[in-house]
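Presented below is the structure to which this report refers.
Lettering follows sequence order; numbering is per chain, from 1.
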Amino acid sequence: MRLSQIPIFTLREDPSDAEIPSHKLLVRAGYIQKLASGIYVYGPLMWRVLKKVSTIVREELDREGANEMLMPILQPREIWDESGRWNRYIADGILFHLGDSKQAELCLGPTHEEVITTYVKRICNSYKQLPFNLYQIQDKFRDEIRPRFGLMRGREFIMKDAYSFDADDAGLDRSYDAMNRAYHKIFERCGLEFSAVDADAGAIGGSGSQEFMVIADKGEDAILICDRGNYAANVEKADSRITPSPDGGAAQPLRKESTPDIRTVEQLEGFFKMPAARMAKTVLYEAVFPDHVETVAVMMRGDLEINEVKLVNAVDGLAVRLADEATVKRVTGAEVGFAGPIGLKEEVRVFADLSLQGMTNLLTGCCETDFHCLDVNPGRDFPMPEFRDLRRARSGEGCPRCDGSLIEKRGIEVGHIFKLGTKYSVPMEATFLDQNGKRKPLVMGCYGIGISRTAQSAVEQNYDENGIIWPRPIAPFEVVVAVLDPKKSDQVEVGTRLYEQLRAAGVDACLDDRAMSPGVKFKDLDLLGFPLRVVVGRRASEGIVEFSERRKSEEKSEIAVDTVLARVSS
RNA sequence: CGGGGCGUAGCGCAGCCUGGUAGCGCACCUCGUUCGGGACGAGGGAGUCGGAGGUUCAAAUCCUCUCGCCCCGACCA
């Protein structure tokens, strides 16, 4: 392709509405253009990148025996009622939905579990057809509460979604492992630094899940990685080894002490000269369920933090939020800052983190303004709480699997794999007959990759002050042959011949035959980010051109034109 | 949804407080010079100042409503 034939339009200044480097660069270099919040046009060069990512995805999924297909974007409400997700998605406000001329309700697909399950239930009746895996690459629509960062969190975006169907859990494990393998290869081939981490399955549900995170400082997710490589997890899910709290000794009689205006753990540490690890703080939450809202109390060791995702799972609700002041006062009968397990209204369910299990003689609040209790013992002074893992693991704590310690990094979630089990097949009655003629629900897995997000994450990980540095496997072109002065026939001839030679050898090259001053051309090509550059300039007539890698702009070498192919292929 | 900010030429911005001929830089077009790291000169085109209503002799500017976009938070398969 000749760049003169592509309407390339680059900007000299950063767009005012972009925040992170990859977003600024993709807009500045003209790869994407915003049409509305979270909705982007992919220009010709961006589309080349997206096609390359898609091709890698297809090749690796096909290698594992998955089958590409295509499902409708427009989906009827009925199937979403069958799975029970219509109201949930409407309530969350992320579903684009509409009515047709006959008043039937439809939505633009945010995901395709319902469609695939409906499709498969009609075509699959027997265990003999199992297992199989179906996937598509298609635009998805989610009315994100806050679209952000260009393609990172768009309202329309390109996604690969795959669904596996097995007869039993062992089969699902194999299908899941196959996708796990494929995902590792896909992101390696894309040239990305990534980490596969244990993840919370969230609203999609299911028994196991991993996220594939591209490591980047501006990533939206925090992840914890073992420094010896034995564990990696999203903080939403992560576990860790923590230092045990000092032994509280044999149970002592309960004492109540006046603590005027002492409300926080830090203040209590000073007041009682007692380490936070010997205290239990009590935090009140409102847990949201489909049909009601309930106040729950969470007890956590004083020096540790609550993980709200774990809490949502523990209460089996839709969401949790910190209780407001009025609620705190109502259920504790005290000012904010004095909540405790003693004296709470009876209807409040009390959860306690595992770190408190077996601890004695705790310092806690007791639902009385300006008082705290010492030597509190669970089961004696208040009903035994429900012990659960509710703790947010933190950087510096021990790896749960080895003696290493955890390091916190930030990541961009580019892929997510789930073991769904029968979450959709049971309510939607997607069943098959097993060897004994017995009807069983299909055991499903689902596997997503954000294609457009992956492309942007590559930029977030590969840029410098001059612009983008595409990883070679997904660059819009691997090599640019830049004719410095298209008015000089020797340069045009040498450049064109070289370009054609590279193309003939299967190298994805483009020819920059645009007429612009050398300085402008160099800056423009740096911004666009082609990984390899061959400049055909003043020594063209001698058969000498300049070769350089975008990543190492300083290292330029003058080489004979007939050695370029070898250099590019090495 | 709560808090904050911004809508003026394709892009980035000034002008608004204190009402009175709509500006700057980049980009774009023409001509000339220049041209291996975002050149220079001369000339030129391009804006219903987001929209509606109001106040006023007069509104980009003041008032009301509305739409859009961005940031923080909440939220987020």
Side-chain angles (χ1 to χ4, degrees), chain A residues 7-20 23-24 27-30 33-39 80 83 85 88-89 91-95 109-114 140-150 152-155 157 159 161 163 199-206 209 211 220-221 234 236 286 288 308-309 312 318-322 324 413 415-418 420 423-424 446-450 453 465-467 482-488 491 515-527 533 535-540 544-546 548 553-554 556 558:
Chain A
I8 292 173
F9 186 74
T10 57
L11 299 170
R12 205 170 283 211
E13 289 168 286
D14 281 334
S16 63
D17 56 4
E19 198 70 11
I20 61 172
H23 184 195
K24 290 179 183 172
V27 173
R28 262 193 69 197
Q33 188 185 81
K34 185 171 70 187
L35 184 63
S37 181
I39 304 175
W80 285 78
S83 71
R85 290 208 294 181
R88 170 76 194 272
Y89 269 65
D92 287 348
I94 60 174
L95 197 65
T111 177
H112 279 73
E113 280 82 6
E114 282 77 4
K140 291 282 186 285
F141 297 82
R142 294 181 193 172
D143 193 2
E144 291 286 349
I145 296 170
R146 181 133 98 89
R148 249 195 289 211
F149 303 149
M152 287 297 188
R153 185 169 290 279
R155 296 195 294 171
F157 56 98
M159 177 165 159
D161 47 325
Y163 306 88
D200 181 69
I204 250 196
S209 103
E211 291 167 334
E220 290 192 274
D221 291 278
N234 192 308
E236 292 180 349
E286 303 259 55
V288 182
E308 295 185 0
V309 174
V312 171
L318 298 176
V320 295
R321 54 175 186 247
L322 276 174
D324 60 24
E413 181 192 347
H416 201 157
I417 57 178
F418 297 87
L420 290 177
K423 186 183 164 83
Y424 295 89
C446 83
Y447 316 92
I449 289 179
R453 183 184 278 187
E465 66 280 4
N466 293 316
V483 174
L484 261 201
D485 187 351
K487 289 197 286 292
K488 297 224 165 76
Q491 292 188 18
M516 51 175 67
S517 73
V520 175
K521 180 165 284 196
F522 286 135
K523 289 289 185 192
D524 210 52
L525 290 176
D526 284 350
L527 179 60
R533 187 183 79 183
V535 176
V536 182
R538 58 194 161 210
R539 299 187 69 186
I544 302 291
V545 295
E546 178 194 275
S548 64
S553 303
E554 312 315 311
K556 303 186 185 92
E558 299 220 301

Task: Distance in angstrom units between Ile39(A) CD1 and rC69(B) C1', rounded - done: 13 Å

Open item on the list: Taking rC11(B) as the reference, what is the distance to rG51(B) when you measure between their P atoms (whole Å, please)?
Closed with: 15 Å

Task: Proximity to the side chain of Ile145(A) - top-ranked nucleotide from rG37(B), rA74(B), rC69(B) - done: rA74(B)

Open item on the list: Could you tell me how far rU61(B) sits from rA42(B) if I compare only their C1' atoms? Round to whole Å.
Closed with: 36 Å

Open item on the list: I'd like to know if the side chain of Gln491(A) reaches the main chain of Asp485(A), judged simply by a donor and an acceptor atom lying under 3.5 Å from each other, with no hydrogens or angles considered.
Closed with: yes

- [ ] Write down the distance separating the P atoms in rC16(B) and rC76(B), rounded off to the nearest Å.
- [x] 44 Å

Open item on the list: Under 4.0 Å, counting only non-hydrogen atoms across every strand here, what does Met152(A) touch: a base, just sugar-phosphate, or nothing?
Closed with: nothing

Open item on the list: Without decimals, in angstroms, what is the distance between Leu11(A) CG and rC11(B) C1'?
Closed with: 5 Å

- [ ] Tell me what Lys488(A) touches on the nucleic acid: a base, only sugar-phosphate, or nothing, going by heavy atoms under 4.0 Å.
- [x] nothing

- [ ] Please list, chain by chain and in numerical order, all residues satisfying side chain to side chain contact (heavy atoms under 4.5 Å, CB included) with Arg28(A), sequence neighbours excluded.
- [x] Leu11(A), Asp14(A), Pro15(A), Leu527(A)

Task: Nearest-nucleotide pick for Val535(A), side chain only, options being rG36(B), rG73(B), rG38(B) - done: rG36(B)

TODO: Considering only atom C1', compute the distance from rG19(B) to rC62(B) and round it to an integer number of Å.
DONE: 8 Å

TODO: Take Ser553(A) and Ile449(A), find for each the nucleotide of RNA chain B with the closest heavy atom, and name the residue whose nucleotide sits nearer the 5' end.
DONE: Ser553(A)

Task: Nucleotide forming a Watson-Crick or wobble pair with rC35(B), both distances under 3.5 Å - done: none

TODO: Between Glu236(A) and Thr10(A), just flag the one whose closest nucleotide in RNA chain B comes earlier from the 5' side.
DONE: Thr10(A)

Task: Protein-nucleotide distance (Glu220(A), atom CD; rG73(B), atom P), rounded to Å - done: 11 Å

- [ ] Using whole Å, report how far CG of Asp14(A) lies from C1' of rA27(B).
- [x] 16 Å

TODO: Would you mind classifying the nucleic acid contact of Glu19(A) as base, sugar-phosphate or nothing, using non-hydrogen atoms under 4.0 angstrom?
DONE: sugar-phosphate

Open item on the list: Taking Ile94(A)'s backbone N and O only, do any of them form a donor-acceptor pair with Asp92(A)'s side chain (distance below 3.5 Å, no angle check)?
Closed with: no

Open item on the list: Need one value for Val320(A): base, sugar-phosphate or nothing, where a base atom within 4.0 Å counts as base even if backbone is also close, heavy atoms only.
Closed with: sugar-phosphate

Task: Pairwise P distance, rG23(B) and rG45(B) [rounded to whole Å] - done: 13 Å

- [ ] Tell me whether the OP1 or OP2 atom of rC70(B) has a side-chain N or O from Lys34(A) closer than 4.0 Å.
- [x] yes

Open item on the list: Using the C1' atom as the point on both nucleotides, what is the distance between rC31(B) and rC6(B), in whole Å?
Closed with: 40 Å

Task: Residue matched to rG2(B) through Watson-Crick or wobble contacts both under 3.5 angstrom - done: rC72(B)

Open item on the list: What is the separation between atom CD on Glu308(A) and atom P on rC75(B), rounded to the nearest whole Å?
Closed with: 6 Å

- [ ] Keeping the roles fixed (side chain from Arg453(A), backbone from Met152(A)), state whether a donor-acceptor pair exists under 3.5 Å.
- [x] yes

Open item on the list: For Glu558(A), I'd like to know if atom CD has over 12 heavy atoms of other residues, nucleotides or ligands within 6.0 Å.
Closed with: yes

Task: For atom CE of Met516(A) and atom C1' of rA27(B), their distance in whole Å - done: 12 Å

TODO: Please determine if a side-chain N or O atom of Ser517(A) lies less than 4.0 Å away from the OP1 or OP2 oxygen of rU34(B).
DONE: no

TODO: For Arg533(A), report the nucleic acid contact type (base, sugar-phosphate, nothing); a contact means any heavy atom under 4.0 Å.
DONE: base

Open item on the list: Counting only side-chain nitrogens and oxygens, does Arg146(A) get under 4.0 Å of the OP1 or OP2 atom of rC71(B)?
Closed with: yes

Open item on the list: Could you tell me the Watson-Crick or G-U partner of rU55(B), where both distances fall under 3.5 Å? Say none if there is no partner.
Closed with: none

- [ ] Look at the side-chain N and O atoms of Arg148(A) and state whether any lies under 4.0 Å from the OP1 or OP2 oxygen of rC76(B).
- [x] no

- [ ] Respond yes when some side-chain nitrogen or oxygen of Arg12(A) is under 4.0 Å from OP1 or OP2 of rG25(B), and no when none is.
- [x] no

